[in-house]
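In what follows, a structure is listed as structure tokens, so that the remarks can point back to it.
We name chains A, B, ... by the order of the sequence lines, and we start the count at 1 in each one. Bear in mind the structure is a predicted one, so any value in this text is a computation, not a measurement.
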Amino acid sequence: MIEVRNLHKSFGALDILKGMNMSIKQGEVVVVIGPSGSGKSTFLRCLNLLETPTQGDILFEGTKINEKKHNINKTREKMGMVFQSFNLFPHMTVLNNITLAPIKVKQLKKKQAEMVAMDLLTKVGLADKATAYPGQLSGGQKQRIAIARALAMQPHVMLFDEPTSALDPEMVGEVLEVMKSLASEGMTMVIVTHEMGFAREVGDRILFMDGGDVVEQGTPEQVFQHPQHSRTRDFLSKVL
Amino acid sequence: MSKDGKGVRPVLDWFGMLWDFKWDYLSGAKITVLLSLFSVLAGFILGVVIVLVRMSGFKPLKWLTTAYIELVRGTPLLVQIFIIYFGLTEFGIEFSPFMAGVVAVSINSSAYLSEIFRAGIQAIDRGQAEAARSLGMSKAMTLRHIVLPQAFRNVLPAIGNEFVTIIKETSIVSFIGITDIMFQTEVIRSKTYTALGPLMGAAMMYFILTFTLSKAVATLERKLSSHD
């Protein structure tokens, strides 16, 4: 579904990604772990071109997307993204946050978009917050709304960029629950996270990144119980 | 000089005198308000266009708008008004005094407003635009629905201040014969052979306008931020 070939990304003289190769299959939940500054988030942001790769190819459903002539907006409709800092639109109600893109981009009728939105709000347990503004919500609630907002576009894949890192500890669980149920419905997901317990439980595949490349990957069992690489062992010994 | 025929009023009977000339002051205030209002509106639209061009990333246009802003901000409004009113006649462009005033003040305020907008846009967290783009929204949609509404709300007080500034700055348009508050004040001065009284009247008129406006902006601002 997604294929990454020889992906390089540098900011000025700083090389963040150094020739990554990987692919993601339909329905797969890939969890990316690794130390800070290893390029995890940059890698994720390259997938929907929030960062433009310096070199290399990114293919989504068989099409190369990092080309000038490719209409990235069309691709982004199919790739939902959830951010560490939620990025809800503070000047709009929760309902409008969710319906804006379906109405403006997918040309859905307002009524229809609102029905979809209410279904999603029910799913994330926040149907009673439809008319609230983001400023009135807790961090966990904001992130669940952000997930609903991304799902409203009916994406084929969901990208999560450290979705629980900005949350108070007691709110992490509610967001992970939503993500778990999403995974169990067969959604393709790429998740950058520091929640190792969650990674082990939900991930079909764990990707350990360090120094701008994939150092090791495999099933949670392989990576967490029998890490092959010394850098992986080193990292796991610090976080587990 | 007073209407009751009791002879010349004492010099310090300001309020009586101002009352006598209330219609002159009010007609001056009408011109001042109209001139300022038209100029802020036109300056607002022009300012938005300038800031969008400036942020478009197309280098030559960017330089052009930067030069425009620097030139306009770096020269006195009075010179700009004279150029528009007297200078352009050499090219066969003739404005009525009022139109010349509106054009000059609009140009002047567009430069200041575009800088206010730029600061307002840059103050919006980058994550806002990223979230919108990640949903498949185009650059234009993102600007229109996400960035500009939030930026506008942030700069509303600054726009109000610019309006207040313009009301005060327009006092020099009487130089080209626009019958604003200051022009009427000069008329009253020449009628009464006094200076302080009529000038106090002018100060009062300007203050009533600017004070009311600042209070109105503050109220609007509170209303807008109440659901944050």
Side-chain angles (χ1 to χ4, degrees), chain A residues 41 44-45 47-51 71-94 96-107 131-137 142-143 145-155 157-161 166, chain B residues 44 47-48 51-52 55-59 61-62 113 116-160 217-228:
Chain A
S41 285
L44 195 71
R45 291 162 58 82
L47 292 182
N48 66 352
L49 295 199
L50 282 183
E51 303 292 352
N71 181 358
I72 186 61
N73 295 335
K74 277 275 156 237
T75 304
R76 283 183 180 145
E77 288 178 34
K78 297 175 204 143
M79 302 173 107
M81 185 158 195
V82 175
F83 300 84
Q84 180 177 349
S85 49
F86 327 127
N87 296 340
L88 292 182
F89 307 131
H91 59 303
M92 294 179 183
T93 62
V94 163
N96 288 343
N97 260 276
I98 301 175
T99 57
L100 178 72
I103 291 172
K104 297 294 172 191
V105 178
K106 282 192 145 179
Q107 322 279 341
T131 58
Y133 281 87
Q136 302 165 323
L137 304 175
K142 282 183 193 167
Q143 197 59 300
I145 301 291
I147 294 172
R149 179 176 68 178
L151 289 174
M153 292 297 285
Q154 294 167 319
V157 57
M158 284 285 284
L159 312 175
F160 292 86
D161 189 5
Chain B
F44 181 92
V48 170
V51 79
L52 292 183
M55 296 179 90
S56 70
F58 183 57
K59 283 274 163 62
L61 281 176
K62 200 183 150 185
L113 284 170
I116 292 172
F117 296 148
R118 191 167 67 112
I121 290 170
Q122 282 172 346
I124 304 297
D125 183 59
R126 222 166 53 110
Q128 289 289 308
E130 284 182 351
R133 298 304 304 277
S134 79
L135 290 164
M137 291 169 67
S138 66
K139 251 187 175 167
M141 275 184 209
T142 302
L143 209 55
R144 180 156 173 259
H145 297 289
I146 305 303
V147 179
L148 289 184
Q150 293 185 61
F152 177 70
R153 195 195 285 179
N154 288 349
V155 301
L156 194 68
I159 295 175
V217 171
T219 309
L220 187 61
E221 200 188 336
R222 248 199 323 277
K223 271 200 182 136
L224 277 176
S225 63
S226 63
H227 53 225
D228 266 352

* Atom pair OG (B:S134) and CE (A:M153), whose distance is rounded to the nearest 0.5 Å -> 9.5 Å
* To do: Measure A:R45 against the heavy atoms of chain B and call it side chain, backbone, both or neither at under 4.5 Å.
  => side chain
* With no hydrogens and no angle check, is any side-chain donor or acceptor of B:Q128 less than 3.5 Å from a backbone partner on A:L88? -> yes
* Can you see which heavy atom on A:F83 is nearest to which on B:A131, and at what distance? => CE1-CA, 3.6 Å
* Report the distance from atom OG of B:S138 to atom NZ of A:K104, rounding to the nearest 0.5 Å. => 11.0 Å
* Can you tell me how far CZ of A:R76 sits from CZ of B:R133, rounded to the nearest 0.5 angstrom? -> 5.0 Å
* Can you check whether A:M92 reaches B:I146 side chain to side chain, under 4.5 Å on heavy atoms? -> yes
* **Residue B:M141 versus chain A: region with a heavy atom under 4.5 Å** => side chain
* Out of A:N71, A:N87, A:L50, which one racks up the most heavy-atom pairs below 4.5 Å with chain B? -> A:N87
* Structure fact -> dist A:H91:NE2 -> B:H145:NE2 (nearest 0.5 Å) comes out at 9.0 Å
